[in-house]
Amino acid sequence: MRFVHNITDVNDKIYEAAPGRSAALARDATAWYLEDTAGFGLGLPDAQPLATETISEIVSLIDELVAGGHAYAVDGDVYFRIGSFDTYGALSGQRHDQVEEQEPSPLKEDPRDFALWKATKEGEDTSWESPWGRGRPGWHIECSAMAEKELGAEFWLHGGGLDLVFPHHENERAQSLAAGRGFARIWMHNGMLRFTGEKMSKSVGNVATIQEVLGDWGAETALLFFMTAHWRKPIDFSEETMAAARAQAETFRNFFREARDEDGAPPAREELAEALDDDFNTPDALALFHEWRGRGDATSLRWGLGLFGLAGLAVDSAAPTGLVDLAERRAAAREARDWDEADRLRDEIAAAGWEVRDIEGSPPYRLVRRL
RNA sequence: GGCGACGUGGCCGAGUGGUUAGGCAGAGGCCUGCAAAGCCUCGUACAGCGGUUCGAAUCCGCUCGUCGCCUCCA
């Protein structure tokens, strides 16, 4: 398995957002993205190609399409000729005759044609030389070129959100297939993360940043939240759904807080494989985790959670010595049947953000950080 | 207007012709000095209306609703 994540670091919005310093903004924004997503602790893809470092491959691919009659150059732009590709629309099911009216472009042979290369316009400070003049790659070709560079002419899976099916993926497919590549064998389109039932939108203000979510709920709760719904379906981010995910995370943590013997038996890999082989059914996998929990199978549970970046649920944090001291005093008070003093100390511990639970053993208590 | 996804018990969410999903919340009980944690018990739901079938949440049709997309954002 080789996992590649394309990064688009040149487009109209970047030019608009940072006139005169678009390259710097693209670099910064890429870094922000990587920093934010690193907070999930899931590691990195095998490759994260940048569009701006794939220009020569992009130009070659466009050149091929022009030579093959699938694209044409006009005034420094190059457009894909949709009429030359007979299965255009097969991926999205879009009907050409029903596409909403757009402002017609005088340069295009057909309004449905889309740009592969755009001539540099005034105010655009990032551009490259090409057979058609200075310019920049179009909106979809860079993904075709990056995928081929990293994975070859044909590969198994192409992922992306449902909102990208049309036009982006339809166009990627058209470009690569028209150029004679096999391209993606299987397309996987995930449902959208929604905020109170709607797509998150900066203009509406219904946005929660990754940093905020990780700060408010922690990485484990966030990852568990994503596991609760099948990847194909939309998933709603809300206080309620996150609180439920956190409660589940806490349930797993409590399980590992109980000392138990692990007899060295291997994890029940086949059981989890069965759930994941069924279209990567993570809710089913999560149900299995709860089954393992009920069964007391710490080995399997530790292994399974680890696969989803949730190994932290099996690790408890040690209490500060000041709180241990309070807990010791409370244990002594309980020994002396001084319940008032014991309860007072319990409240004091709670005020510090911790919880004291009475258990069998020595010491006769467990200190748990409250989330 | 078109294309697509989705609509399951209080909430989240699997399941796709007949058999327990699971979790969260809630109720009762056990345990506990009291709690917490844990354990036990308790829910017959599938947008609506028709149809197919011995039998449908699951298949077909229509309707309603939510969300996404409709090419120079990727």
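Chain identifiers are assigned alphabetically (A, B, ...) following the order of the sequence lines, protein sequences preceding nucleic acid strands; residue numbering begins at 1 within each chain.
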- Message: Nearest 0.5 angstrom please: A:Lys118 NZ to A:Asp75 CG, how far?
- Response: 10.0 Å
- Below 4.0 angstrom from OP1 or OP2 of B:C72, is there any side-chain N or O of A:Lys118? no
- Task: Scan A:Asp77 against the nucleic acid and name what it touches under 4.0 Å (heavy atoms): base, sugar-phosphate only, or nothing.
- Result: nothing
- Query: Which part of the nucleic acid, if any, lies within contact of A:Glu240, taking any heavy atom under 4.0 Å across all strands shown: a base, the sugar-phosphate backbone alone, or nothing?
  - Reply: nothing
- How far, in whole Å, is B:U8 from B:A47 if one measures between their C1' atoms? 10 Å
- Can you tell me how far C1' in B:G38 sits from the matching atom in B:C46, rounded to whole Å? 33 Å
- Task: Whole angstrom is fine here: how far is it from CD in A:Glu360 over to P in B:G38?
- Result: 16 Å
- Item | A:Glu239 and A:Arg246 ion-paired at < 4.0 Å | no
- Message: Need to verify one output field. Residue with the more 5' nearest nucleotide on RNA chain B, A:Ala247 or A:Arg334?
- Response: A:Ala247
- Nucleotide opposite B:C62 in a Watson-Crick or G-U pair, distances under 3.5 Å: B:G48
- Message: Please determine whether a side-chain nitrogen or oxygen atom of A:Lys233 lies at a distance below 4.0 Å from atom OP1 or OP2 of B:C12.
- Response: no
- Distance between P atoms of B:C60 and B:U53 (Å, rounded): 16 Å
- Among B:U71, B:C12, B:C24, which nucleotide sits nearest the side chain of A:Thr241? B:C12
- Task: Would you mind reading off the distance between A:Glu274 atom CD and B:G15 atom P, rounded to a whole angstrom?
- Result: 13 Å
- Parallel, tilted or perpendicular, as decided by the 30° and 60° cut-offs, for the rings of A:Phe308 and A:Phe289: perpendicular
- Item | Sugar-phosphate, base or nothing in reach of A:Glu142, heavy atoms under 4.0 Å | sugar-phosphate
- Note on the structure: Testing B:G68, B:A36, B:C73 for proximity to the side chain of A:Asn11, the answer is B:C73
- Query: For B:C3, which nucleotide in any strand shown is its Watson-Crick or wobble partner with both distances under 3.5 Å?
  - Reply: B:G68
- Task: Give the rounded distance in Å between these two atoms: CD1 of A:Ile349 and C1' of B:A35.
- Result: 13 Å
- Message: Looking at A:Arg257 and A:Glu250, is any side-chain nitrogen of the basic one under 4.0 Å from a carboxylate oxygen of the acidic one?
- Response: yes
- Choosing from B:G23, B:C73, B:U71, which nucleotide comes nearest the side chain of A:His290? B:G23
- Message: As a test of reading the structure: which of B:U71, B:A36, B:G23 is closest to the side chain of A:Pro167, going by heavy atoms?
- Response: B:U71
- Message: At 4.0 Å (heavy atoms only), tell me whether A:Arg346 reaches a base, stays on the sugar-phosphate, or touches nothing.
- Response: base
- Item | Residue mapping more 5' on RNA chain B - nearest nucleotide basis, A:Glu291 or A:Cys143 | A:Glu291
- Task: Round to a whole Å and report the spacing from CG of A:Leu162 to C1' of B:G68.
- Result: 7 Å
- Message: Rounded to whole Å, please give me the gap between CG in A:Leu288 and P in B:G23.
- Response: 12 Å
- Do the side chains of A:Leu193 and A:Leu42 join up, straight or via other hydrophobic residues, at under 4.5 Å, putting them in one cluster? yes
- Message: Closest approach to the side chain of A:Arg194, judged atom by atom: which nucleotide of B:G33, B:U71, B:U66 is it?
- Response: B:U66
- When rounded to whole Å, the CH2 to P distance for the pair A:Trp231 and B:G15 reads 12 Å
- Task: Find the partner of B:A56: check Watson-Crick (N1-N3 plus N6-O4 or O6-N4) and G-U wobble (N1-O2, O6-N3) distances, both under 3.5 Å, and reply none if neither fits.
- Result: none
- Query: With a non-hydrogen cut-off below 4.0 angstrom, is A:Asn254 in contact with a base, only sugar-phosphate, or nothing?
  - Reply: sugar-phosphate
- Between B:C34, B:U71, B:C24, which nucleotide gets closest to the side-chain atoms of A:Asp343? B:C34
- Message: Ring centres under 6.0 Å, that's the criterion: do A:Phe183 and A:Phe155 meet it?
- Response: yes
- Query: When the aromatic ring centroids of A:Phe252 and A:His290 are compared, is their separation below 6.0 Å?
  - Reply: yes
- Message: Regarding A:Leu164, tell me which of base, sugar-phosphate or nothing describes its non-hydrogen contacts under 4.0 Å with the strands shown.
- Response: base
- Query: With a 4.0 Å cut-off on heavy atoms, is A:Gly93 in touch with a base, just the backbone sugar-phosphate, or nothing at all?
  - Reply: sugar-phosphate
- Task: May I have the distance from A:Arg293 (atom CZ) to B:G38 (atom C1'), rounded to whole angstrom?
- Result: 10 Å
- Query: A:Tyr79 near the nucleic acid: base, sugar-phosphate alone, or nothing, with a heavy-atom cut-off under 4.0 Å?
  - Reply: base
- So does A:Asp358 pair up with A:Arg334, basic N to acidic O under 4.0 Å? yes
- Who is the Watson-Crick or G-U wobble partner of B:C30, with both distances under 3.5 Å? B:G38
- Task: Give one of base, sugar-phosphate or nothing for A:Val356, where a contact means two heavy atoms less than 4.0 Å apart.
- Result: base
- Select base, sugar-phosphate, or nothing to describe what A:Asp358 touches, counting heavy atoms under 4.0 Å on all strands. base
- Query: Choosing from B:G68, B:C12, B:G23, which nucleotide comes nearest the side chain of A:Thr228?
  - Reply: B:C12
- Task: Provide the distance between the two P atoms, one in B:C62 and one in B:U20, to the nearest whole Å.
- Result: 34 Å
- Under 3.5 Å on both distances, the Watson-Crick or G-U partner of B:G10: B:C24
- Message: Does a side-chain N or O of A:Asn281 approach OP1 or OP2 of B:A14 to a distance below 4.0 Å, or not?
- Response: no
- Rounded interatomic separation in angstrom, taking CH2 from A:Trp117 and P from B:U71: 24 Å
- Would the number of heavy atoms belonging to other residues, nucleotides or ligands and lying under 6.0 Å from CD of A:Glu274 be above 12? no
- P atom, B:G43 versus B:G23: distance in rounded Å? 14 Å
- Query: Taking atom P in both B:G15 and B:C59, what distance in whole Å separates the two?
  - Reply: 12 Å
- Message: Closest approach to the side chain of A:Pro234, judged atom by atom: which nucleotide of B:G23, B:A37, B:C6 is it?
- Response: B:C6
- Task: Provide the distance between the two P atoms, one in B:A14 and one in B:C6, to the nearest whole Å.
- Result: 10 Å
- Message: Counting only side-chain nitrogens and oxygens, does A:Ser238 get under 4.0 Å of the OP1 or OP2 atom of B:C12?
- Response: no
- Task: Identify the nucleotide, in any strand shown, that forms a Watson-Crick or G-U wobble pair with B:U16, with both distances under 3.5 Å; if there is none, say none.
- Result: none
- Message: In whole Å, measure the gap between the P atoms of B:A36 and B:G29 for me.
- Response: 13 Å
- Check if the side chain of A:Arg330 and the base of B:G33 share a donor-acceptor pair of N or O atoms closer than 3.5 Å. yes
- Select base, sugar-phosphate, or nothing to describe what A:His189 touches, counting heavy atoms under 4.0 Å on all strands. nothing
- Item | Of the listed nucleotides B:A14, B:G22, B:G68, the one nearest the side chain of A:Ala287 | B:G22
- Message: Angle between ring planes, A:Trp187 versus A:His169, binned at 30° and 60°: parallel, tilted or perpendicular?
- Response: tilted
- With a 4.0 Å cut-off on heavy atoms, is A:Arg337 in touch with a base, just the backbone sugar-phosphate, or nothing at all? nothing
- Message: Any base atoms under 4.0 Å from A:Arg344, or only sugar-phosphate, or nothing? Heavy atoms, all strands.
- Response: nothing
